[in-house]
Amino acid sequence: MVRRVSIFGATGSIGQNTLDLIARAPDEYSVVALTGARNIDQLAADAIRFGAEIAVTCHDELLGDLRTALAGTGIEAAAGAEALVEAADRPADWIMSAIVGAAGLAPGFRALRQGTTLALANKESLVTAGPLLMAEAARHGARILPVDSEHSAVFQALVGEDMAAVERIVITASGGAFRDWPLEDLPNATLAEASCHPNWAMGQRITIDSASMFNKSLELIETREYFGIDPARIEVLVHPESLIHALVGFRDGALMAHVGPPDMRHAIGYALHWPDRRHLPVERLDLAAIGQLTFRAPDEARWPALRLAREVMQTGGLAGAVFNAAKERALDAFIAGEIGFTRMAEVVEATLNGLSGELAASGGGFDLEAVADMDHLARERAGAEARLRAA
Ligand code: NDP
């Protein structure tokens with residue numbers, strides 16, 4: 001049976017890896033919607049190559065360019081935030097959510113209404129609105145499959161297991177670009193230095209988030225939301241080789257580790273073929289040649305983001321939305337050269353503290369509108385905090 005698939009964030013690193021897998025079995029898939037933002041050439045080229053029904057950019061002003069690029073192909077072109085959400089209504093058997101940032105929440109949330117399978121790379125959705133997403137999936141009989149490598153690893157280690165037997169979940173972190181830098185050099189780290197990951201080829205934003213461990217801090221929250229485990233039983237372990245992606249510890253003392261090459265096509269392919277395992281074009285590890293794997297405890301002085309994530313989980317409610325929005329705004333400021341590398345964590349912490357009254361007033365329950373409002377407030381506040389710390 002031909003499966004109808006849509007990819008949100010098709011022009012990005014995850015989106016391109018997904019298309020790479022689909023291109024290897026073109027008869028098995030029919031591409032429905034592909035979406036992107038600024039990379040119109042890539043979006044149009046892929047829409048034509050895969051015979052998509054519709055291509056969507058989130059930027060209204062780029063609709064003309066997209067239409068021109070698709071002229072004469074019969075492929076629909078659309079633009080804007082609403083068009084993005086509407087594309088998630090198009091019937092599809094499998095939908096990849098790989099937009100970067102909080103912008104991925106609305107289309108992913110909408111896709112669940114179809115009762116379909118949502119392959120979720122966009123971790124920000126779970127960090128900002130995890131309980132809403134899970135409830136929406138349950139309401140419509142939809143399935144959310146993890147694509148983040150650590151969560152895919154945990155998911156795989158849990159096959160056939162009972163969550164009640166799980167003592168702890170350990171997610172690994174490479175340590176990113178500055179793992180071995182002297183602490184005193186971190187304030188002067190440049191954008192180019194922060195944008196080089198030692199092991200993974202990923203989009204620029206997640207690569208910088210790996211250097212600051214904001215990526216891992218989002219993943220801590222993501223772990224709690226996916227697997228419903230007490231935050232005290234989630235650990236982060238620095239593992240520079242990035243070959244073990246996660247471990248699950250059971251009450252009998254067993255630790256089940258997921259070992260694989262640092263290639264996102266594994267986790268994407270697992271979500272694409274689940275519950276089957278199919279051949280995937282990833283490297284086969286030669287452990288004898290690798291020789292040894294190393295581990296160390298994370299240093300919270302180097303990576304304050306980890307402490308902040310734990311505080312956010314303790315606060316609960318909309319704290320995840322504040323944390324993510326402040327992080328995204330601080331990252332914008334770092335990329336724009338407005339603040340130094342270590343200022344990002346300061347901006348996020350100051351934003352969380354500055355909005356503690358609003359967070360307390362918002363209570364535990366919330367809806368998507370409250371998430372959007374808090375996101376907006378946090379971006380404004382983080383912008384002000386970044387200006388105070390401008391280089
Ligand atoms: P990229 O930056 O490579 O790609 C992001 C995608 O989102 C692109 O298609 C981009 O379009 C689009 N986009 C950017 N801004 C917007 C917006 N405001 N509205 C709609 N679309 C937008 O990111 P990655 O592929 O690296 O990451 C995607 C998601 O997957 C993130 O949530 C990340 O945390 C997660 N993830 C990524 C991993 C990786 O290996 N890359 C690993 C695990 C998780 P365009 O390019 O046209 O501008």
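By convention here, the first residue in the shown sequence is residue 1.
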Point to revise | Pair Q156-S152, side-chain donor/acceptor within less than 3.5 Å | key: yes

Review point. Side-chain contact, heavy-atom cut-off 4.5 Å: H273 with L280?
Key: yes

Practice item. Report yes if the side chains of E328 and D209 come closer than 4.5 Å at any heavy-atom pair, otherwise no. Key: no

Practice item. State, yes or no, whether a side-chain contact exists between V371 and L318 at a heavy-atom distance under 4.5 Å. Key: yes

Review point. What closest approach, in Å, do A350 and R389 show between heavy atoms, and which atom pair accounts for it?
Key: CB-NH2, 3.7 Å

Review point. Can you tell me if R4 uses its side chain to pair, donor with acceptor, with the backbone of P91 under 3.5 Å?
Key: yes

Check your understanding: Partners of D20 by salt bridge (Lys or Arg N to Asp or Glu O under 4.0 Å), sequence neighbours excluded?
Key -> R24, R265

Review point. Distance-only, no hydrogens or angles: does the T35 side chain make a donor-acceptor pair with backbone N or O of T57 under 3.5 Å?
Key: no

Check your understanding: Do NZ/NE/NH1/NH2 and the carboxylate oxygens of E338 and R343 come within less than 4.0 Å?
Key -> no

**Study point:** Test log, rule side-chain contact (heavy atoms from CB on, under 4.5 Å), inputs V236 and L306
**Key:** CA-CA 9 Å; V236 172; L306 295 175; 4.3 Å; yes

Revision key, fill the gap. Nearest heavy-atom contact between E222 and V127 is N-CG2, 4.5 Å

Review point. Side chains of Q204 and T207: donor-acceptor distance under 3.5 Å anywhere?
Key: no

**Study point:** Backbone N/O of A271 and side chain of W94: donor-acceptor pair under 3.5 Å
**Key:** yes

Check your understanding: Are the charged groups of E235 and R168 less than 4.0 angstrom apart, N to O?
Key -> yes

Point to revise | Any side-chain donor near an acceptor of the partner, S174 and H239, under 3.5 Å | key: no

Exercise for review: Determine, stepwise, if the pair L183 / R302 fulfils side-chain contact (heavy atoms from CB on, under 4.5 Å).
Suggested key: CA-CA 7 Å; L183 277 184; R302 181 177 298 275; 3.7 Å; yes

Review point. Distance from E124 atom CD to R205 atom CZ, nearest 0.5 Å?
Key: 8.5 Å

Point to revise | Main-chain N/O of R233 paired with D230 side-chain donor or acceptor, under 3.5 Å | key: no

Review point. Just how far is it from atom CD of E241 to atom OG1 of T172, taken to the nearest 0.5 Å?
Key: 10.0 Å

Practice item. State plainly whether the residues K327 and D332 are in salt-bridge range, i.e. N to O under 4.0 Å. Key: no

Revision key, fill the gap. Here the pair of heavy atoms bringing A98 nearest to I14 is CB-CG2, 3.5 Å

**Study point:** same_hphob_cluster(V2, L34) at 4.5 Å side-chain heavy-atom cutoff
**Key:** no

Practice item. For S217 and F323, run side-chain contact (heavy atoms from CB on, under 4.5 Å): C-alpha distance rounded to whole Å, both residues' side-chain angles, the deciding distance at 0.1 Å, then the answer. Key: CA-CA 10 Å; S217 64; F323 183 59; 3.4 Å; yes

Exercise for review: Please lay out, stage by stage, how E380 and R329 fare under the test salt bridge (Lys or Arg N to Asp or Glu O under 4.0 Å).
Suggested key: CA-CA 8 Å; E380 277 190 347; R329 183 64 188 84; over 6 Å; no

Point to revise | Minimum heavy-atom distance F8-A87, with the two atoms named | key: CZ-C, 3.8 Å

Review point. Taking T128 for the side chain and A321 for the main chain, is one N or O donor matched with an acceptor at less than 3.5 Å?
Key: no

Check your understanding: CG/L118 to OG/S97 distance, rounded to the nearest 0.5 angstrom?
Key -> 5.5 Å

Check your understanding: Going by heavy atoms in the side chains, are P262 and L243 under 4.5 Å from each other?
Key -> yes

Review point. With a 4.5 Å heavy-atom cut-off, do M264 and S149 have their side chains touching?
Key: yes

Point to revise | Side-chain donor-acceptor pair present, T68, D65, cut-off under 3.5 Å | key: no

Point to revise | H258/H266 aromatic ring centres below 6.0 Å | key: yes

Check your understanding: Within the distance-only criterion (no hydrogens, no angle test), does the side chain of D375 pair as donor or acceptor with the backbone N or O of V322 below 3.5 angstrom?
Key -> no

**Study point:** Side-chain touch T116/R143, heavy atoms, less than 4.5 angstrom
**Key:** no

Practice item. Consider only side-chain heavy atoms of I, L, V, M, F, W and Y, link residues closer than 4.5 Å, and tell whether V56 and L62 are in one cluster. Key: no

Point to revise | E219 vs R224, salt bridge (Lys or Arg N to Asp or Glu O under 4.0 Å): CA-CA, chis, key distance, verdict | key: CA-CA 9 Å; E219 289 176 4; R224 200 261 315 256; over 6 Å; no

Check your understanding: What's the spacing between N215 CG and D148 CG if we round to 0.5 Å?
Key -> 6.5 Å

Check your understanding: Would you find a donor on one side and an acceptor on the other, under 3.5 Å apart, between the side chain of D276 and the backbone of R278?
Key -> no

**Study point:** Salt bridge present between E136 and R110 (N-O < 4.0 angstrom)
**Key:** no

Practice item. Give a yes-or-no answer on whether the side chains of T11 and Q16 include a donor-acceptor pair shorter than 3.5 Å. Key: no

Point to revise | G260 backbone acceptor or donor facing H245 side chain under 3.5 Å | key: yes

Review point. Do other residues, nucleotides or ligands put more than 12 heavy atoms under 6.0 Å from the CD atom of E184?
Key: yes

Review point. Under 4.0 Å between a Lys/Arg side-chain N and an Asp/Glu carboxylate O for R3 and D93?
Key: no

**Study point:** Shared hydrophobic cluster, W274 / M96 (ILVMFWY, side-chain heavy atoms < 4.5 Å)
**Key:** no

Review point. Does some side-chain heavy atom of E150 sit less than 4.5 Å from a side-chain heavy atom of V154?
Key: no

Review point. Taking atom NE2 of H376 as the centre, does the number of heavy atoms from other residues, nucleotides or ligands within less than 6.0 Å exceed 12?
Key: no

Exercise for review: Assess the side chains of N324 and K123: does a donor N or O sit below 3.5 Å from an acceptor N or O?
Suggested key: no

Study note, to complete from the structure: What one should report as the nearest heavy-atom pair of R251 and A164 is NH1-O, 3.3 Å

Point to revise | Side chain to side chain, R179 and R296, heavy atoms closer than 4.5 Å | key: yes

Revision key, fill the gap. Rounded to the nearest 0.5 Å, the CG atom of L191 sits from the CD atom of E193 at a distance of 9.5 Å

**Study point:** Ring centroid separation F155 to F227 under 6.0 Å
**Key:** no

Review point. Quick one: do R38 and E61 make a salt bridge, cutoff under 4.0 Å?
Key: yes

Study note, to complete from the structure: Taken to the nearest 0.5 Å, the spacing of L133 CG from L120 CG works out to 6.5 Å

Review point. Excluding sequence neighbours, so at least two apart, what forms side chain to side chain contact (heavy atoms under 4.5 Å, CB included) with N188?
Key: none

Review point. Cluster question for you: counting only ILVMFWY and a side-chain heavy-atom cut-off of under 4.5 Å, with indirect links fine, are V348 and L220 together?
Key: yes

Practice item. Indicate if I99 and L66 have the same hydrophobic cluster label, given that clusters are the connected sets of ILVMFWY residues with side-chain heavy-atom separations under 4.5 angstrom. Key: no

Practice item. Look only at the side chain of N199 and the backbone of P240, and say whether a donor-acceptor pair between them is shorter than 3.5 Å. Key: yes

Review point. side-chain contact (heavy atoms from CB on, under 4.5 Å) between S212 and F341: does it pass, once the steps are laid out?
Key: CA-CA 8 Å; S212 62; F341 181 77; 3.8 Å; yes

Point to revise | Salt bridge present between E76 and R90 (N-O < 4.0 angstrom) | key: yes

Practice item. Specify the closest pair of heavy atoms between I208 and I335, including all atoms of both residues, with the distance to one decimal. Key: CD1-CG1, 3.8 Å

